[in-house]
Every structure is written in structure tokens, then in C-alpha cells.
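These notes concern the structure reproduced below.
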2 protein chains.
Amino acid sequence: MAFLDFNHERFKPGFEITSTFVVTNNYRMKDTEITNLLHNANLRVTKSRKEVLQALSETGDQAISSNEIEQKLSEIDRITLYRILKAYEDAGLVHSIADGTGKKKYAMCSSNCSEGDHQDNHVHFYCRVCDTTSCLNVVIPTNLKFPTNYLVEEQQFVVSGICKDCHNQ
Amino acid sequence: MAFLDFNHERFKPGFEITSTFVVTNNYRMKDTEITNLLHNANLRVTKSRKEVLQALSETGDQAISSNEIEQKLSEIDRITLYRILKAYEDAGLVHSIADGTGKKKYAMCSSNCSEGDHQDNHVHFYCRVCDTTSCLNVVIPTNLKFPTNYLVEEQQFVVSGICKDCHNQ
DNA sequence: ACAAAGATGCAACTTTGTTGCGTAAGGGGG
DNA sequence: CCCCCTTACGCAACAAAGTTGCATCTTTGT
Ligand SMILES: [Mn+2]
Ligand SMILES: [Mn+2]
Ligand SMILES: [Zn+2]
Ligand SMILES: [Zn+2]
């Protein structure tokens, strides 16, 4: 529940973020935006927490590992970072992807996610060349027929291969 | 690339497996079947390798971790097991699933998989109650529209929630 | 039966992730 | 602005997954 769309009206200067947001691009959040985000999620505002959100907003639709965040920030404690990421996931601010590489990747959530309910209905792409994982603007189909009596709570669709950047050269 | 269907004609006693197989159920492979499988895959036949295939065929559509296989066999070396599983994956005999638990799960491949090309077009289900991952007889739709210039090589669709057994009680 | 190619087993290591606990900091009430 | 309770941080210690190197054993084709 927060907004993050580089070209969206709300992001014209002077506009305050309030609730819903959608990640569609790299965007460096302003300090007040981050603070509001944390307030709305009932999370205490600390230096580390702000920096982590900052880092995640900068990478936009590119999901990054805990280790990558750690290196971007360089001052943060590794264990604290794990706990922050867990808190963000629980709060519905961030979603994680198991892309098959063995490490979780994290990205900002879109508007359809909320506390404890990650309606993460977009496809993720893992590029084996540049070793990056990104959130694609491709929606997971909802017409799948499951065997009876399965209770579906979450879905993760990971496609891997070669991304557009690595493919074009 | 090999066949494994409990009720399939080929599995009536006296029938020899040759190439294509499909895993759909628990089935304890015969020694000669396993040996043929390894021969066809150009893999040397060793005690450990046979036991690992045996173990995987027994679990059927339930994908298990390296650690679980290790415990089933109890004599195998942990590192050797990793290498065997990698060899099987490379050979297209076995596919692995990243179900979000942090450990890879392994299951026998179906007929549409071949060396280096895992057309793993079925959905996997992770049950958070009994902590099991299984291959569902649900096919991933092929009508997804990807952004241009992405080269799709593999797909993994993991659905999580509560499985039929845990849900019915 | 021999030799080359390949598989195994062990040690040592890396990386990811968790847990416990004392200390520091955030935020609401006064 | 200060107090105090709650929560977050930071460190140590640990657990578990997975990798690499290397010497030794096994498989397999000749
Ligand atoms: Mn995503
Ligand atoms: Mn499967
Ligand atoms: Zn790429
Ligand atoms: Zn279950």
C-alpha cells in the first residue's frame, strides 16, 4: 500500500505519498516518502530501515539479494538486514522470489500486496547470463484448474533464460 | 526419455524399459530398468547412482531434498549425492524445484524433458503444513505474452498453500 | 586383464540464514 | 523536553546447504 511510479502524477514534485503504490521503474524515493511508507506499515523509522527501502526503490523492478543490499549500503549489519527484510515481507512492503539460484531475491511490492497476503501475480525472469532477476509486467494466468481440495495461498512463476539486454548483442 | 507409469502397459511384469518414461506415481523400479536408464543417459552404473534413482522413483510425484535422499539411503556420501543429482539434472533424468524453502527438491523427469532442456511444464505445489513439495498434474499455460527479446528457456511455477491431505481433516 | 576415464570419499571451505541476548534507539505520554 | 516502555540493533555462536580440490577406487571399452 504505497505508490511508486516514476511517471505517475503523484510523483510530480510536491505530492505526498499516502497509501497505494506500484513499482514500475527505478525511482529514488524521497526521505518523507519512505518515512510515510514505514508509518503506514506500523514500522518504526530507523536509519537502516530507511536505507533498505531506498536501496530497493532504486533497483525498481530488479529483485536483489540480501547480500547485494548489504554491499550497496556497506554500513548495515547482516543480521539486522535479514530481520528488516522479514519485517517488510510480513508487512507487505516487499516480496521475495526463489529464482533457483539458492538465494532469495527481494523487490518492492505492488499495490495488490497487503500484510500477510502477497498477491504477487506477476512473472519473474531470471537471466542466466547477467545473473539478474526482475519483475516482469506479465500477469500469471488465473484460469488454472487445480486438483480438488488444494488450498492455494501463493503463487510464484519464475521464467529463466536470457533477458532482453543480454540477448541484444 | 524413459517411462515410468505404474499402470502403463510397459510396466506389466516382463516388460523392459527402453527410452521414454513418465512419472505419475510411486513405483519401485527394477534393477534392470535402472541400469537401462543410466545406460541410455550415458552415465556409468554405480551402486550410489542406482540407489538414488531407486529412491527418487519410490517417492514418485513427491519431490524430495538432497538431505531426505541421504537419510533414505544412509550409506551415501553427502558430496557424492550432490554430484549425482547434478549429473541427473544435466542428463535430463531429474528436475529440481526451488520451492521457497531454501533447499532444492528433486523429482524424476517426465518424457518431455531431455538433456539440458527441462520442459518442466507442470505446476509444483508446496504444502506449508506437511512441508512437502509435489509435482501436480497441472500444465503451465503456454499462451503467456512476454516482452520482446526475452529468450525463455525454462519455467517454474510453484504454488503454495495447503495440500489435499492436510486440508481434509 | 589393462589402462584410461570417470566416480567416490574426505577435508576444508563458503555462503545463506537463524537464534539468543545485552545494549541502543524510537515514539508516545506526561 | 524528559521518562519509560517497547522494539530494533549488533554481536557471537550456530546450523545447514552447497562447492572445490585431491587422492583413491571403480567402471568400462579394448
Ligand atoms: Mn516481483
Ligand atoms: Mn515436477
Ligand atoms: Zn541478462
Ligand atoms: Zn500437506
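Values below: all heavy atoms of this structure, side chains included; hydrogens, waters and symmetry mates excluded. Each chain gets a letter, A, B and so on, in the order its sequence line appears, and its residues count up from 1. The shown structure was predicted, so the numbers you read here are calculated from the model rather than taken from an experiment.
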Can you tell whether the side chains of K72(A) and E58(A) come within less than 4.0 Å, N to carboxylate O?
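Salt bridge: yes.
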Is there a residue in residues 66-75 of chain A whose heavy atoms reach under 4.0 Å of DNA chain D, and which residues are they?
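Contacting residues: none.
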To the nearest Å, give me how far apart [atom1] ([X]) and [atom2] ([N]) are.
X       : N       : atom1 : atom2 : value
Y82(B)  : dG9(C)  : OH    : P     : 16 Å
D77(A)  : dT19(C) : CG    : P     : 16 Å
K104(A) : dT18(C) : NZ    : C1'   : 12 Å
L38(B)  : dG6(C)  : CG    : P     : 16 Å
R78(A)  : dT16(C) : CZ    : P     : 8 Å

Is a donor on one side and an acceptor on the other found under 3.5 Å between the side chain of [X] and the backbone of [Y]?
X       : Y       : result
H95(B)  : M108(B) : yes
H167(A) : N149(B) : yes
R49(A)  : R44(A)  : yes
Q156(B) : S96(B)  : yes

What heavy-atom pair brings [X] and [Y] nearest, and what distance separates the two atoms?
X       : Y       : value
T101(B) : D131(B) : CG2-OD1, 4.2 Å
I140(B) : Q155(B) : CG2-OE1, 3.4 Å
K105(A) : E68(A)  : CD-OE1, 4.5 Å
S66(A)  : L81(A)  : O-CD2, 3.2 Å

5' priority, DNA chain C, between R83(A) and R83(B) [closest heavy atom]:
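Its nearest nucleotide lies further toward 5', so the answer is R83(B).
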T46(B): what forms a side chain to side chain donor-acceptor pair (under 3.5 Å) with it, not counting sequence neighbours?
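Result, side chain to side chain donor-acceptor pair (under 3.5 Å) vs T46(B): none returned.
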Terminal axis angle for the helix from dA1(C)-dT30(D) to dG30(C)-dC1(D), five pairs an end, nearest 10 degrees:
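About 40°, once rounded to a multiple of 10°.
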Quick check: do C163(B) and C130(B) have side-chain heavy atoms less than 4.5 Å from each other?
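Touching, per the 4.5 Å side-chain cut-off.
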Each nucleotide in nucleotides 23-30 of chain C should get exactly one letter: B, S or -. Can you fill that in based on protein heavy atoms under 4.0 Å?
--BBS---
Start and end of the DNA chain D segment that chain A contacts, any atom under 4.0 Å from a heavy atom
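Extent of the interface on DNA chain D: dT6(D) to dA12(D).
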Can you list the other members of the hydrophobic cluster that holds I162(A), where links are side-chain heavy atoms under 4.5 angstrom apart?
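Direct or chained contacts put I162(A) with V129(A), L151(B).
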For S65(B) and N67(B), which I'm curious about, is there any donor-acceptor pair between the side chains at under 3.5 Å?
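Note: S65(B) and N67(B) side chains miss the donor-acceptor criterion.
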May I ask you to say what S48(B) touches in the nucleic acid, namely base, sugar-phosphate or nothing, with a heavy-atom cut-off under 4.0 Å?
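Here S48(B) touches the backbone only, sparing every base.
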